[in-house]
Structures are given as C-alpha cells and as structure tokens.
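I have placed the structure first, in the form of structure tokens, so that the comments after it can refer back to it.
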Amino acid sequence: MLRSGGRHPRPWRWPAAARRRLSRLAPPTPAPAPADPVVVRVDGSNVARLGAPKPGPRPRQLLSLPPFPAGADPLPGRKVAPRRVTAVSWVKHYFADVPQEAVQAHFNRRMVFSECPEHEVSDESIRTQKHHLKKIKHNDVMEPGMRIHLPVSVAEGEIKKRYETIPTATLHPNKDEIEYLKRLVIHRDSAILVLNKPPKVPMKGHLPVHNSMDVLAAAALSYGNEEGPKLVHRLDRESSGLILMGRTKESFTRLHWLFTSVKLARTTSQTWNKACEAYMQKYWALVIGTPKEREGVISAPISKLLLDDGKSERVILAHPSGIDGAQEAITEYRVMGPTINGCSWIELRPLTGRKHQLRVHCAEALGTPIVGDYRYGWFVHQRWKQNPQPDFEPFTGEPYKLRRPEGLEVQKGSVLSKVPLLHLHCREMVIPNIAKFLSSTGEWHDHGAPWAKEKPSLLRFIAPMPPHMKISWNVMSSYLV
C-alpha cells in the first residue's frame with residue numbers, strides 16, 4: 001500500500017539505545033566451584049577419595065656408559081676381535097655380571113638411548129628434558145665416541161638380607177670359612193686366583209689380626225700346591241672388590257711389577273707388552289656431593305703423615321714444594337648419573353697405586369668424600385646426616401625425598417643406615433693372561449706356550465657389588481621405578 005505522494009514506506013527500526021542493549025553478548029555463566037572430593041566408604045575402616053588421577057610412572061634414572069673406544073680391540077678378553085660391535089654386545093660386555101636376558105629386555109622395551117654427538121648430556125639438560133637422546137636398537141652398530149645411556153635397573157641384582165662376612169677371627173679357618181672363601185673365587189687357572197673380597201676383611205695379617213685374606217687364602221685356597229697364593233696388590237680393609245693373587249713365584253713377581261709400573265713388566269715379547277698396556281682397574285664409589293666437572297683427570301701428589309701417637313698414619317695431599325716426600329698419584333674419574341639425596345655415583349680409574357689414593361683424591365681434590373669414609377670426610381658426613389636437603393628428580397624437576405621401598409629391609413651399612421659402610425668397590429679389572437706365557441715349570445714363552453697359543457691375551461673380570469652397596473644402588477633408583 002502506497003502513501004500519499006507515491007513514496008515507499010520506511011522499514012521500522014528499534015531505537016538506538018535498544019539496539020545497543022540487545023547487541024551485547026551475555027556474560028558467560030561462571031563455572032561451578034569444584035566440589036569436595038566424593039568420599040566412598042568401602043567399609044568401616046577404609047575410605048577411598050575420588051580426586052585427581054594418580055600420576056603415571058616416572059622415568060628411571062639414567063646411567064651413562066663410557067664412550068665407545070676407537071681401538072682395534074674394544075672388547076678385551078675375547079679370543080677374536082669382532083669386526084663390528086653392536087649396541088647389545090657393548091652393553092653385555094660392560095655388564096658382564098648381569099644376566100643377558102635382563103640386558104635384552106631393556107632393548108626390547110626401548111629403554112636404551114644414545115647421545116647425539118652435537119649435544120652434551122648434563123644434569124641441567126636432563127632436568128629440563130632437553131637431553132637430545134634417541135632410542136637405539138640392539139643391532140645398531142657402535143661407532144667411536146658413541147655413548148649409551150640406560151636405566152640403572154640394568155645393574156640391579158638380587159638383594160641379600162643378611163650381611164655376608166667371615167663370622168669368626170680364628171687363626172685357622174674352619175670348614176664353613178673354607179667353603180665361604182671358595183665361593184669368593186671368580187677365576188682360577190695355573191697362574192692366578194681372582195677373588196671378590198668382602199668389606200671389613202683385612203688384607204695383611206699380623207699378631208692382633210687373624211682373619212686376613214693372605215692367611216685365609218694360604219690355608220684354604222692352595223688347591224694342592226705346596227705354597228698358597230700370594231697377594232699381588234691390596235685393598236683397604238673397609239673396601240671391597242677384585243683382588244689378584246699369584247699361585248706361583250713367577251706369576252706373582254711379574255704381576256707385581258705390572259701393578260707397580262707397566263715399564264717394569266715389559267719384556268722382548270710384543271704380545272705381552274701390548275697386553276700390559278691394556279691393564280686397568282675401575283672402581284665404583286658413592287660420594288657426597290657432585291664434582292664440578294662430569295669427568296676429568298686428578299693429578300695430585302700425596303704424602304704420608306704420622307700422627308701424634310706414632311703408630312697410625314694419615315695420607316694427605318702433598319705440599320707443592322715437594323719437600324715432604326710426595327708420591328705421584330693420578331686418577332681418572334667419571335660421574336655416572338645425577339645427584340640423588342645429595343650423593344652421586346662415580347667411576348674411578350687409578351693410574352698409580354698409592355695407599356688411600358682414591359679416598360684422598362675424592363675427599364680433598366674433588367671435595368666429595370666417599371660415603372662411609374670417616375677418616376677423610378667426617379665433617380662432611382656430619383653435615384650430610386644432620387641437614388638432609390631434598391633433591392630434584394632428573395626429568396621433572398620436582399623435589400623428592402629418599403624413601404625406602406616396600407618390602408626392603410634396612411641393610412646394615414647402606415645409605416639408609418645411620419653409620420654407612422665405605423662405598424668403594426673395585427668392580428672391573430683387565431690384566432694380561434699370564435697363564436698363556438708361563439708353563440707349569442715356570443718357563444717363559446714370548447709368543448705363548450704351545451698348548452695355549454689360541455687363548456686370549458687379556459682377561460677381564462667384573463665383581464658384583466657387596467650387599468650394602470647394592471642396597472644403596474637400589475634405594476637411590478627406587479623413587480623412579
């Protein structure tokens with residue numbers, strides 16, 4: 001319908017104020033306040049609260065293996081050097097005392113990593129999850145300098161609840177002690193004996209000390225020889241691990257020269273000299289704190305100092321002037337994992353054999369005394385026990401406190417006890433196979449005896465940790481299991 005004048009009618013519109021009011025969006029409805037967790041009563045005593053879901057399993061603590069060597073024979077102790085070494089072969093070689101099924105299971109679960117060459121793994125990079133690690137398979141070929149990281153659970157073993165040590169201190173061992181000593185033997189041939197020494201057993205006996213290793217071995221480990229085996233080197237009374245004994249006079253003399261200096265053990269035989277150059281020892285230790293550098297070489301001469309009573313002595317770092325009868329002492333070290341409960345696992349490789357060398361280097365040179373070493377780290381132990389500080393998980397960065405897993409008893413001497421034992425263990429040793437060069441009559445063969453030419457020129461031994469160190473190893477990694 002048209003109005004007068006022939007104009008079209010204008011469409012009706014809402015007033016401006018109404019349009020502005022209607023065009024506004026309504027504010028969102030506030031979310032309801034979270035209600036209290038619902039309580040479901042299972043029975044008269046148990047109450048289950050429905051709250052946030054429990055966090056998933058946390059990653060395990062990583063253990064770093066040393067870089068893959070670039071030598072012609074990276075796996076000493078084998079008859080024939082392999083052309084190529086796979087990742088599973090390298091891990092099984094390094095953890096020779098671990099069942100091969102356990103090593104293979106870690107590869108099957110994709111829990112083994114390799115470090116990217118252009119990035120370095122550190123505590124900070126692991127904590128921020130910027131560690132640049134990649135998973136590897138069991139058949140990946142190892143290359144020189146390649147480093148593998150895997151959970152510490154690969155080295156976990158059965159935990160024994162009873163503390164093993166020789167029960168009596170008699171001069172002549174009884175039948176039970178003889179059987180106990182025989183169980184300590186790791187290797188025996190015509191020239192040497194290799195034992196896994198327990199802690200708190202002295203090495204050298206005298207009038208007040210009866211149950212020493214030299215006296216007990218001479219009485220229980222002669223195996224038909226007229227003379228018992230003799231100690232080639234020594235360990236501290238509180239420490240544990242591999243000790244070497246010579247069964248003949250010739251083997252004892254030549255190996256004693258080797259442990260003193262490689263130059264003294266050299267002969268005209270190139271095969272023997274090459275085997276002597278491969279000689280090495282590796283120790284595992286738990287230290288309070290963490291060294292500033294992840295790995296390095298400690299070259300700090302040491303000297304002996306007599307105490308006031310004149311009967312006991314103490315080893316200290318030598319004065320730079322060298323007027324106090326200093327002895328050269330060199331140790332290589334490597335940190336194996338992150339700091340747990342204020343402590344770190346490190347690997348030590350002594351290049352010289354001095355009394356208390358490793359203990360003094362850890363306490364005074366690195367500033368991280370070994371757990372249980374009250375002679376060189378008493379004040380640090382006091383602060384560590386009196387003021388426990390919570391650490392941080394390596395991956396999430398969340399604080400945590402050391403706790404005991406369920407079903408695990410507090411082992412005497414472990415890191416959980418008030419007075420831990422010394423956590424120093426000679427774990428690995430590579431020595432020349434002297435039985436290949438010495439005949440039963442003591443005659444020396446430069447290229448190996450006719451009946452032993454096909455035997456390997458090197459022998460490699462690995463000793464499992466004592467119970468108190470094994471407990472500490474499992475406890476310090478249980479929070480990540």
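Being a predicted model, the structure only gives us computed values, none of them experimental.
For Glu328, there are no salt bridge (Lys or Arg N to Asp or Glu O under 4.0 Å) partners two or more places apart in sequence or in a different chain. The ring pair (Phe, Tyr, Trp, His ring centres under 6.0 Å) test applied to Phe259 returns His233, Tyr279, not counting sequence neighbours. Under the salt bridge (Lys or Arg N to Asp or Glu O under 4.0 Å) criterion, Arg349 pairs with Glu332, sequence neighbours left out. Partners of Glu277 by side chain to side chain donor-acceptor pair (under 3.5 Å), not counting sequence neighbours, listed by chain and number: Arg266. Every ring pair (Phe, Tyr, Trp, His ring centres under 6.0 Å) that Phe68 has, sequence neighbours left out, goes to Trp90. For His187, the side chain to side chain donor-acceptor pair (under 3.5 Å) partners two or more places apart in sequence, or in a different chain, are Asp189. With sequence neighbours excluded, the residues forming a salt bridge (Lys or Arg N to Asp or Glu O under 4.0 Å) with Lys355 are Glu313, listed by chain and number. Remark: Glu293 pairs with no residue by the side chain to side chain donor-acceptor pair (under 3.5 Å) rule, at least two apart or across chains. Residues passing the ring pair (Phe, Tyr, Trp, His ring centres under 6.0 Å) test with Tyr333, sequence neighbours excluded: none. Not counting sequence neighbours, Arg354 has no partner by the salt bridge (Lys or Arg N to Asp or Glu O under 4.0 Å) test.
At least one donor-acceptor pair under 3.5 Å links the side chain of Arg334 to the backbone N or O of Ser64. Under a 3.5 Å cut-off, the side chain of Asn196 and the backbone N or O of Ala463 do not form any donor-acceptor pair. A donor-acceptor contact shorter than 3.5 Å is absent between the side chain of His423 and the backbone of Ile370. Using modelled atom types, one side-chain atom of Asn273 and one backbone atom of Thr267 make a donor-acceptor pair closer than 3.5 Å. Distance alone, capped at 3.5 Å, is enough to place a donor-acceptor pair between the Ser344 side chain and the Gly289 backbone. Between the side chain of Lys282 and the main chain of Glu428, no donor-acceptor pair closer than 3.5 Å is present.
Ring geometry for Trp284 versus Tyr94: interplanar angle of 30 to 60°, hence tilted. Ring geometry for His256 versus Phe252: interplanar angle under 30°, hence parallel rather than tilted (30 to 60°).
The distance from the CG atom of Leu255 to the CD1 atom of Ile192 is 6.5 Å, given to the nearest 0.5 Å.
Within the structure, the salt bridge (charged side-chain N to carboxylate O under 4.0 Å, His left out) test picks out no pair touching residues 243-264 (sequence neighbours left out). Contacts classified as side chain to side chain donor-acceptor pair (under 3.5 Å) and involving residues 357-371 (residues at least two apart or in different chains) are given here: Asp236-Arg359, Thr331-Gln357, Thr331-His361, Thr352-Gln357, Arg359-Asp373.
Residues Met469 and Trp473 fail the side-chain proximity criterion, which asks for heavy atoms closer than 4.5 Å. Thr86 places none of its side-chain heavy atoms less than 4.5 Å from the side chain of His138.
Within 6.0 Å of CD in Glu143 there are 12 or fewer heavy atoms belonging to other residues, nucleotides or ligands. With a 6.0 Å radius and a threshold of 12 heavy atoms from other residues, nucleotides or ligands, Lys197 has its NZ atom above the threshold. When the shell of 6.0 Å around CZ of Arg234 is examined, it contains 12 or fewer heavy atoms from other residues, nucleotides or ligands.
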